[in-house]
Amino acid sequence: MEPLLVVKNLKKYFPLKRGIWFGEGAEVRAVDGVSFEVRRGETMGLVGESGCGKSTMARLILRLLEPTAGEVYFGKASVFETNKEEMRQLRRRMQIVFQDPYSSLDPRMPVDEIVGEGLTIHRLARGKEKTDRVVDLLEMVGLGREHMGRYPHEFSGGQRQRIGIARALAVGPEFLIADEPVSALDVSIQAQIINLFEDLQEQLGLTYLFIAHDLRVVKHISDRVAVMYLGQIVELADSDELYRNPLHPYTQALLSAIPEVDPQSKRQRIFLEGDPPSPVQIPSGCRFHPRCPKRFDRCDQEEPVLREVSAGHWVSCHLY
Amino acid sequence: MGRYVLSRCRQVVPVLFGVTLITFLLIHVGLGDPVRAMMGQRSDPEIAARIRTEYGLDKPLWNQYTLYMGKLLVGDLGYSYRQRRPVSRVLAERLPATVRLAFAAMVVALLVGGIAGTIAAVRHNTLWDLLIMTLSLLGISTPVFWLGMMLILLFGVWLGWFPISGYGDGGFTHLVLPALTLGALQAGYIARMTRSALLEVLRQEYVQTARAKGLRERVVILKHALRNAILPVLTLAGIGLAELLAGAPLTEMVFAWPGLGRLLVSALGNRDIPVVLGATLLFALIYLGANFLVDLAYAAIDPRVELTKR
Amino acid sequence: MTAWRQWHLGILLGSVLLAFFGLIGLLAPLLAPHDPYQIPEGLQAFSLLSPRPDYWLGTDLLGRDLLSRILYGARVSLLVGVLVELVVTPVGATIGLFAGYFGGRMDAILMRITDAVMAFPALVLAIALTAVLERPGLLSVIIVLTAVRWTTVARLVRGQVLSLREAEHIAATVVLGAGRGRIIFRHLLPNCLAPILVAMTFGVASNILSEAGLGFLGLGVQPPTVSWGSLLAEGAVYLTVKPWLCIFPGLAITCTVLGFHVLGDGLRDILDPRLRS
Amino acid sequence: MRAVDGVTLSVRPGEMLGLVGESGCGKTVTALSILRLVPDPPGRIVGGTISFEGRDLVRLPEEEIRKIRGCAISMIFQEPMTSLNPVFTVGEQVAEGIRQHQKVSRREAWDQAVEVLKRVKISDPARRAREYPHQLSGGMRQRVMIAIALALRPKLLIADEPTTALDVTIQAQILELLLGLQEEMKMAVMLITHDLGVIAETADRVVVMYAGRVVEEASVKELFDNPLHPYTQGLMESLPRLETGKARRRLRAIPGLVPNLLELPTGCKFAPRCPKVVEQCWPTEPELREIRPGHSARCILAG
């Protein structure tokens, strides 16, 4: 299938400021050489623990940040090479839903203005037509006309997330990045929002990049899943394949660490030692080697590359 | 710590530059033609020209500024028209009195404000809280010099407890009323800040942790909470110092206190511009120096400072 | 619930106080029992009278009614307080907005300038400026206070913008394709308005105090115009013998400033989004 | 507002009791009430008893309850970032609790603290003890919290969402540590969480809370095999599962919003969201009934 989004060798380093006059050149390697594709109509899942660079990825793809190196193609357009007007047009096609239902809505704007802002910016509708569109959008996400004049603080977390989705859909995007959209919500509400994402995909033919740290959620919603560790993708495969046959020791550990909702199934746990290293001091060789239970002498010497070891199953590990 | 001091120094340098630039520009505008100001009516064009060259007044503004800076570095602030001696000497005479007053006022403010604020926070929503908050509101609403006059009336004239003017022999009794006057405003601010900071800290989880250990409430507040609540109070006290120093001229006038502020006002009356601007600069330097000390205190209390600045 | 009642009380109290003094200032010509400037004939009989039925608050050295002078003084004090804040707020807010939004070198330069101005105790710098401006008067007071006071707002707005810049709703607006103008004027600015409004309230209070200070030092409005500060300067001489000449103008200042502080506290309470959600 | 209304539960010696529920269901307030840590005002315990080793904690004088806090009963909190005091070293914070309850010198308390830090598997504990909280990672800080709580070998540990703020791999480490220490010290643990997975893997018995009430209570196996309350059933079905091979199924979400404690219905508090609601649910609130031995539920349809 034709890819909608292509990410090529993307890097983002943040300099660490030290004093005003003498820079000492340390940097945070938030995203460090990431490549993948998202096919039209699929849901690509991106999992990883906090600080692995997954949210930076989202911001890079949307050009909220300028990359240190690498390219992103959306359809035929190269995102980092478009001019201002082209970028504006491109933004209609790719949107984002954020994690925090509190800071992601402007507290001083009523809901109809929040949802209708995209319509105004791109001159898609005005007056009565705009109001109708906003009502449609609110109904599409399970809210209604009666919510239009209210302010964000009058809503619960789940409802705010619905408002955020409606705002993103207003400009009629093809591609939606969901950056941890349910991790701040209660379990019973999480399921509502996940279902909403699935329904909208079906109705509107959307393509998703679904970012989360909860493997259960990602597994549930994604067609393919990429696992990130310290700014790189360590494994990428079809969702079922990844969970049935995880190859990278990190993926294996992640999967075994998820508490299973079944008191009977006592699986073999793989415990990782220590904490993820800081992205300022990335270990030599394979960046997972200090915590890897299967490491051998080659691992701290040579950095593995992401290779396709079976059809559609990519892994970056010296074991394969 | 050394590293932190260094980084603070680096931040102060540009500010010092800005401060001197401001006083320099003021001098430049203020003196109009300094030569005429110096020589008065009997200006002889030839001599005037010679003086101009001698003082570098014919050079571009930028050069004049570097000249001014050069003089500042060796402590040369110019010459007092009125007192006919170097400004630096005039200022040096008056500095101790002002520092003494400001220091005493700050101590009053921190002690009174800190204790009152703590009581208000611990007795949150009680009559004590209301009383302390009302008083501190009054404290920050009263003009400094008027408070000074009222204290003079009450304690000086009617009760006769304290002397009402002058420096005396430098003893304690002469200091009481001016220090109370100057400290009252900051005491009000500090009480308000201590209260709100402490209330905020008491909501933190680590306070709960401390209670869950079985510590006495007194220990929880005095050790765990107050140590953290002091940090924003210190920051405020540093900023408040500017306000405190701003009150110095007024307080010194009311109490005839022989400090920089009074010098500033009388020099202004005499149009002794070099003294005015010298004193102005010195006030800014006192403020910057004191803030530097506040920063050091902050770093000593908060272990996180080291890391964030590194 | 208690919080609601508190702010209600605060705003009510503050508004009543301010409305009172505002009206006094506005209606001074109607309310004043005597001419505040006219020196009465037969001065001897009227000079430094103690409070009595026809002169409620007594008279000054030149036999003028203190009450009438306080009423007229309210005009100048409030005018200076409010006017300076109205000038300073847009200027400071613009500087803060620029520094915070564009960041980088622009921010560094603007903030160092702000730091430098703030390093001077406000009244000291005001005195120095007055010295340079040569002729004190209403205009010089306004100019001087403006030059000193813009920094507070600039700092405040910059801090707000810096924290808002990281908010996800701003990022979401950028992703929608909004331009700089929309982000600044529709998102950043409205979110700064509440703290600006609160700061303005406290700012007016601070201006009134500064004006009084300048007036007391003789650097404020010049005779025959009166302000509360200049009344205190005149009265200071007779502090120990005719204390009411000092007590009443000072009370007027304190009550007005108190009104602004109470109002500011109340506004801060109701405008704080943390209390609303 | 009634945050917790008529909650009855018991923890047996050496047992791991799971307490599950969503935000605002009253699980944290219940836990804090045991040690009387609910801030008063605004919080107040208006009735009921908390019996610990035959003593009623609700009526104990302040002095006495302080002797129990951190000694016989301790507590750990959700946010390792904010639950340690930033201005004291972690060693001081562990030693402080020890000195509070035992007559030991400063030196001895410190040595004991280092020993406890070692027990919670902090590497190089002597050096770590001299560090400040901000110098440690989230997982490490939670270990320090556990060390503070377990320093005096309590009989009951209350753990309020101890792993929620942590990454999965760290969460697994911490849970494993807690289970190990429980075994070793033979203490009872009350584990509060919103994550059914964590409960399934660690708890012996489970209490499910909704809107300030216990709605179901059973052994962990019984609860997962045979959930009786529609809310418990809904929670389980709304959770995405990992097992592969099945066709992707739609999640069975519980409709509606998390309840607002100020606007609760008079009858069954779950009725507005319940898929099985019948007319009898509305007028009166059902009692918590024992449906099967050791398994109770607060639902008229159960059994």
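Letters go in sequence order (proteins before strands), and every chain restarts at 1. Since the model is a prediction, treat every value here as computed from it, not as a measurement.
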Legend entry - Pairwise side chain to side chain donor-acceptor pair (under 3.5 Å) hits with a residue in residues 17-27 of chain B, at least two apart: B/Thr20-B/Tyr65, B/Thr23-B/Tyr68
Inset, instruction - Determine the option with the most heavy-atom pairs under 4.5 angstrom with chain C, choosing from B/Gly247, B/Ala284, B/Gly18. - result: B/Ala284
Inset, instruction - Taking all heavy atoms of B/Gly261 and all of B/Thr98, pick out the closest pair and write down the distance. - result: N-OG1, 4.1 Å
Inset, instruction - Sort out for me which of C/Ile127, C/Ile113, C/Thr114 touches chain B most, counting heavy-atom pairs under 4.5 Å. - result: C/Ile127
Inset, instruction - Give a yes or no on whether the backbone of C/Gly137 and the side-chain of C/Gln222 come within a donor-acceptor separation of less than 3.5 Å. - result: no
Legend entry - Where B/Gly113 and B/Thr194 come nearest, the two heavy atoms and their spacing: O-OG1, 4.0 Å
Inset, instruction - Name the region of C/Ala212, side chain, backbone, both or neither, that has any atom closer than 4.5 Å to a heavy atom of chain B. - result: both
Inset, instruction - Classify the ring geometry between C/His261 and C/Phe202 as parallel (under 30°), tilted (30 to 60°) or perpendicular (over 60°). - result: tilted
Inset, instruction - Under 4.5 Å heavy-atom distance to chain C, tell me which part of B/Leu288 shows up: side chain, backbone, both or neither. - result: side chain
Legend entry - Contacting region of C/Leu232 [heavy-atom separation from chain B under 4.5 Å]: both
Inset, instruction - State, to 0.1 Å, how close C/Ala99 and C/Arg158 come at their nearest heavy-atom pair, and which atoms those are. - result: CB-CD, 4.1 Å
Legend entry - C/Glu211 CD to C/Leu138 CG distance, which is reported to the nearest 0.5 Å: 8.5 Å
Inset, instruction - Identify the two heavy atoms, one from B/Ala197 and one from B/Pro232, that lie closest to each other, and give their separation to 0.1 Å. - result: CB-CG, 3.6 Å
Inset, instruction - Quick one: which of C/Ile253, C/Val257, C/Thr256, C/Leu219 has the most heavy-atom pairs under 4.5 Å with chain B, could you say? - result: C/Val257
Legend entry - Heavy-atom contact with chain C under 4.5 Å, split by part of B/Leu260: neither
Inset, instruction - Verify the neighbour count for atom CZ of C/Phe98: are there more than 12 heavy atoms of other residues, nucleotides or ligands below 6.0 Å? - result: no
Inset, instruction - Taking all non-hydrogen atoms of both residues into account, name the closest pair between C/Leu251 and B/Trp146 and its distance. - result: N-CZ2, 3.5 Å
Inset, instruction - Assess whether atom CZ of C/Phe102 is packed by more than 12 heavy atoms of other residues, nucleotides or ligands within 6.0 Å. - result: yes
Inset, instruction - Measure across C/Leu156 and C/Ala199 and return the closest heavy-atom pair with its distance rounded to 0.1 Å. - result: CD2-CB, 3.7 Å
Legend entry - Contacting region of B/Met150 [heavy-atom separation from chain C under 4.5 Å]: side chain
Legend entry - Top of B/Val265, B/Val276, B/Leu153 for chain C proximity - count of heavy-atom pairs under 4.5 angstrom: B/Leu153
Legend entry - Heavy-atom proximity to chain C below 4.5 Å, by part of B/Val15: both
Legend entry - Check ion pair B/Arg192-C/Asp265 (N to O, under 4.0 angstrom): yes
Inset, instruction - Quick one: which of B/Asn291, B/Thr280, B/Ile152 has the most heavy-atom pairs under 4.5 Å with chain C, could you say? - result: B/Thr280
Legend entry - chain B interface, residue from C/Leu125, C/Leu217, C/Leu209, C/Leu258 that has the most non-hydrogen pairs under 4.5 Å: C/Leu258
Inset, instruction - Select one option (side chain, backbone, both, neither) describing which atoms of B/Val19 are under 4.5 Å from chain C's heavy atoms. - result: both
Inset, instruction - Sort B/Leu137 into side chain, backbone, both or neither according to what part of it lies under 4.5 angstrom from a heavy atom of chain C. - result: both
Legend entry - C/Ile208 versus chain B, the contacting section by heavy-atom distance below 4.5 Å: neither
Inset, instruction - Under 4.5 Å, heavy atom to heavy atom: which of residues 115-124 of chain C reach chain B? Give them by number, or say none. - result: C/Asp115, C/Ala116, C/Val117, C/Met118, C/Ala119, C/Phe120, C/Pro121, C/Ala122, C/Leu123, C/Val124
Inset, instruction - Heavy-atom distances under 4.5 Å only: say whether B/Leu241 touches chain C with side chain, backbone, both or neither. - result: neither
Inset, instruction - Using non-hydrogen atoms and a 4.5 Å limit, figure out which bit of B/Phe145 sits close to chain C: side chain, backbone, both or neither. - result: side chain
Inset, instruction - Could you tell me whether B/Leu159 atom CG has more than 12 heavy atoms of other residues or ligands within 6.0 Å of it? - result: yes
